[in-house]
**Q** 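Attaching a single structure in structure tokens format; questions to follow.
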Amino acid sequence: MPPKKRKKRRPGRKENGCVRREARHKSDVWAWDFVFDRTTSGSAIKCLTIVDEFTRQVSLRKRVWC
């Protein structure tokens, strides 16, 4: 058997597993997310949402029909 490979460690603190920046002013930190869903007819929808972390306002919401 081949030797077992060690897992790579994630950067950051071990409690969270990654380093997160806290927003200090408007347009400092942005969060983005893809959301997938289906319509009643069965076609797929993919949405990209971008949010300003400081103001919590959505700056972009783009829908793509697949």
Side-chain angles (χ1 to χ4, degrees):
M1 287 181 63
K4 200 172 194 180
K5 291 184 179 180
R6 293 185 62 122
K7 291 184 180 179
K8 291 183 180 180
R9 300 185 97 185
R10 295 182 187 263
R13 293 173 270 152
K14 63 182 177 181
E15 301 92 30
N16 192 13
C18 64
V19 178
R20 291 192 56 169
R21 268 186 66 195
E22 193 167 324
R24 295 194 171 112
H25 53 82
K26 186 178 177 182
S27 299
D28 186 29
V29 178
W30 298 86
W32 55 274
D33 187 24
F34 285 103
V35 180
F36 299 91
D37 203 357
R38 292 212 174 262
T39 63
T40 54
S41 63
S43 60
I45 300 174
K46 180 166 72 171
C47 299
L48 168 65
T49 307
I50 300 177
V51 178
D52 183 2
E53 286 285 316
F54 187 75
T55 61
R56 299 288 184 183
Q57 292 181 343
V58 175
S59 63
L60 174 73
R61 186 176 292 149
K62 179 76 175 172
R63 283 185 218 127
V64 178
W65 298 83
C66 301

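If you read the sequence from its start, that first residue is 1, and numbering goes on from there. Note: hydrogens, waters and symmetry copies are ignored here, and every other heavy atom, side chains too, is used. This structure is a prediction, so every number in the text was calculated from the model and none was measured.
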**Q** When clusters are formed by joining ILVMFWY residues with side-chain heavy atoms under 4.5 Å apart, either directly or through shared neighbours, do Phe36 and Trp32 land in the same one?
**A** yes
**Q** Could you tell me which non-hydrogen atom of Glu22 sits nearest to which non-hydrogen atom of Asp28, and how far apart they are?
**A** O-OD2, 3.9 Å
**Q** Distance check, rounded to the nearest 0.5 Å: Trp30 atom CH2 versus Asp52 atom CG?
**A** 4.5 Å
